[in-house]
Number of protein chains: 2
Amino acid sequence: MPGSTMQKRMLAAMRPATLGDEPVRWQQRKSAQTRLKMLEAAVDCLVTGGYAGLTTAQVAERAAVSRGAMHHHFATRIELVAAVVDHIFYQRIRLFLDDYLAAMAQRGDEELIDLATQAHWRSVQTREYAAYVELAVAARTDPELNAAFEPAARRYDEVWTAEMIESFPQWRDQWHAMKLGSDFAIAVHSGLLLHRPVFGQDRIDMVLKLSMQAISALYKS
Amino acid sequence: MPGSTMQKRMLAAMRPATLGDEPVRWQQRKSAQTRLKMLEAAVDCLVTGGYAGLTTAQVAERAAVSRGAMHHHFATRIELVAAVVDHIFYQRIRLFLDDYLAAMAQRGDEELIDLATQAHWRSVQTREYAAYVELAVAARTDPELNAAFEPAARRYDEVWTAEMIESFPQWRDQWHAMKLGSDFAIAVHSGLLLHRPVFGQDRIDMVLKLSMQAISALYKS
DNA sequence: CAAATAACCGGCTGATCTGCCTGTTTTATG
DNA sequence: CATAAAACAGGCAGATCAGCCGGTTATTTG
């Protein structure tokens, strides 16, 4: 499994279109910098106040940017939201890959599937994933958000699937099982996240253990 | 498994405190009626507009009730929200039980665990569960809502657990496995709900099948 | 250096929501 | 029937937000 190749390929595929690689002009760099500052502030708003807390005023304040500057970069709220959606999906892939590749470098002797599953569970517990959940839930009842969210979600899913097929050629004949295991882990992990306050850590751990057994069993048949 | 006994016990345990059983006075009946009308309208708001769409104005309009009447029953928005929380948990139990008991009466020959798991998946696809998800997600970032939501969620979880233990004495020595299977199903089903737009029905069905296998395996060991 | 362009600033308006308040109608009670 | 109480009606003020606009500063370009 060519780690850095995978990382570059997936990140490139999910890179927001607005990120032109390494601008040289001072203005463009400053512009991209404040733009990123606002996107990060928007993620903060999502995490602390939900999608309803993602207001232009809040973002501007958190980013320490005037509302005029904000309006210059994002004329309307929905433009900002669309940028946040792309940003979140990009970060979601980046955080998972960083974690997974680090774990693989450190403990490459263990089962790759187990390592990937554990890395995914850790990635689900990040603030970026919390922001993703807020967007995913809000997209169900907000048509404008959904118009930006669903295409990004599909793109993310396609990149994810394609990467699995290309990165693990040794299991090419079992890629249906891999995809199923991946879908399964995604469902379990996000569901656990939702019920975590009620379940508590002990029950979470038991469900995680059961899930990993079910996933492992997929490859031994 | 005494079906109707279980139903009565669980419903009684989750019954909102405000519902005094069958009032006789006209005023009280009318009052309870409009109150219920507003709660149902609030669920509509949640389903179509998310927690952010649950505004006093929207609810009053959908319920065809003046804002004055609304203020008479719920002085503040958070009072309404707290009532909606109790209402939703009560409906969530009621809908599951209705479905499960009907399925058991019709196909009592199949495995009870399978029937319960399938009934739970159906209950997850109701509008009431959609409203529950909205509340659960919003409660993570809204302290006031969380103050009403978390106790209700814990009560629901306790009722659920106690019912499993009392209703299936033949598996008393395996109730840890039952609880694990239940937690597992809850996590998988809610996670699938979240990713349904991307996964599509085919992948959903495959994950469901895998989950049921994992749950069944819990009892055969 | 001057003109053009990009980034940034903050006030204004209309819409919406919440909480509060004063009346009005309907039902209950003595 | 008269009085009390409950249910209902809708207007008003304060706060917040999205969108818009004219003006200002900093950078680029000829």
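In what follows, chains are A, B, ... by sequence order, proteins preceding strands, each numbered from 1. Note that the structure is a prediction, hence the values are computed from the model and not measured. Just the heavy atoms: all of them, side chains too, but no hydrogens, waters or symmetry mates, feed the values below.
- For residues 43-89 of chain A, the ring-ring contact (aromatic ring centres under 6.0 Å, His included) pairs, not counting sequence neighbours, are Phe89(A)-Tyr132(A), Phe89(A)-Phe149(A), Phe89(A)-Tyr156(A).
- Remark: Met212(A) pairs with Asp114(A), Thr117(A), Gln118(A) by the side-chain contact (heavy atoms from CB on, under 4.5 Å) rule, at least two apart or across chains.
- Ion pairing of Glu158(B) with Arg154(B) is absent here, as no side-chain N (NZ or NE/NH1/NH2) approaches a carboxylate O to less than 4.0 Å.
- Atoms CD (Gln33(A)) and C1' (dT27(D)) sit 15 Å apart, rounded to a whole Å.
- Atom NZ of Lys37(B) is separated from atom C1' of dA7(D) by 12 Å (rounded to the nearest Å).
- Here dA18(D) presents its P atom at 12 Å from CG of Asp142(A), a figure rounded to the nearest Å.
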Check nucleotides 11-13 of chain D for protein N or O atoms closer than 3.5 Å to its own N or O atoms and list the pairs.
from: dG11(D); atom 1: O6; to: Arg67(B); atom 2: NH2; distance (Å): 2.8
from: dC12(D); atom 1: N4; to: Arg67(B); atom 2: NH2; distance (Å): 3.1

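- Using a 4.5 Å heavy-atom threshold, the side chains of Asp99(B) and Ser123(B) count as separate.
- Taking OH of Tyr100(A) as the reference point, atom NE2 of His120(A) lies at 13.0 Å (rounded to 0.5 Å).
- Annotation: proximity of residues 39-61 of chain B to DNA chain C (heavy atom, distance under 4.0 Å) is found for Thr55(B), Thr56(B), Ala57(B), numbered in ascending order.
- Every pair passing salt bridge (Lys or Arg N to Asp or Glu O under 4.0 Å) that includes a residue from residues 39-55 of chain B is listed here, sequence neighbours excluded: Glu40(B)-Arg127(B), Asp44(B)-Arg127(B).
- The distance from atom CD of Glu144(A) to atom C1' of dA18(D) is 12 Å, rounded to the nearest whole Å.
- For Gln91(A), the side-chain hydrogen bond (donor to acceptor under 3.5 Å, both in side chains) criterion is met by Arg94(A), not counting sequence neighbours.
- Met70(A) has its CE atom 9 Å from the P atom of dA18(D), to the nearest Å.
- Taking a 4.0 Å limit (strictly below) on heavy-atom distances, residues 77-88 of chain A does not reach DNA chain C anywhere.
- Judged as a salt bridge (Lys or Arg N to Asp or Glu O under 4.0 Å), the pairs with a partner in residues 83-93 of chain A (not counting sequence neighbours) are, in order, Asp86(A)-Arg155(A).
- Regarding contacts with the backbone of dA9(D), every side-chain N or O of His71(B) stays at 4.0 angstrom or more from both OP1 and OP2.
- The nearest whole Å value for the distance from the CZ atom in Phe74(B) to the P atom in dT18(C) is 14 Å.
- Residues forming a side-chain contact (heavy atoms from CB on, under 4.5 Å) with Lys179(A) (at least two apart in sequence, or on another chain): Asp157(A), Trp160(A), Thr161(A), Met164(A), Trp175(A), Asp183(A), Arg203(B).
- Checked against side-chain hydrogen bond (donor to acceptor under 3.5 Å, both in side chains), Asp142(A) has no partners two or more places apart in sequence or in another chain.
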Candidate pair Ile186(A) and Phe199(B), rule side-chain contact (heavy atoms from CB on, under 4.5 Å), full reasoning: CA-CA 11 Å; Ile186(A) 291 171; Phe199(B) 282 1; 4.0 Å; yes

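- The residue among Gly68(B) and Ala75(A) whose nearest nucleotide of DNA chain D lies closer to the 5′ end is Gly68(B).
- Sorted by residue number, the list of members of residues 133-141 of chain B with any non-hydrogen atom under 4.0 Å from DNA chain C is empty.
- Applying the salt bridge (Lys or Arg N to Asp or Glu O under 4.0 Å) definition to pairs two or more places apart or across chains, none involves residues 58-81 of chain A.
- Judged purely by atom type and a 3.5 angstrom limit, Arg140(A) uses its side chain to pair as donor or acceptor with the backbone of Leu194(B).
- Judged by distance alone, the side chain of Ser182(A) and the main-chain N or O of Met178(A) form no donor-acceptor pair under 3.5 Å.
- The phosphate of dC8(C) has neither OP1 nor OP2 within less than 4.0 Å of any side-chain N or O from His72(A).
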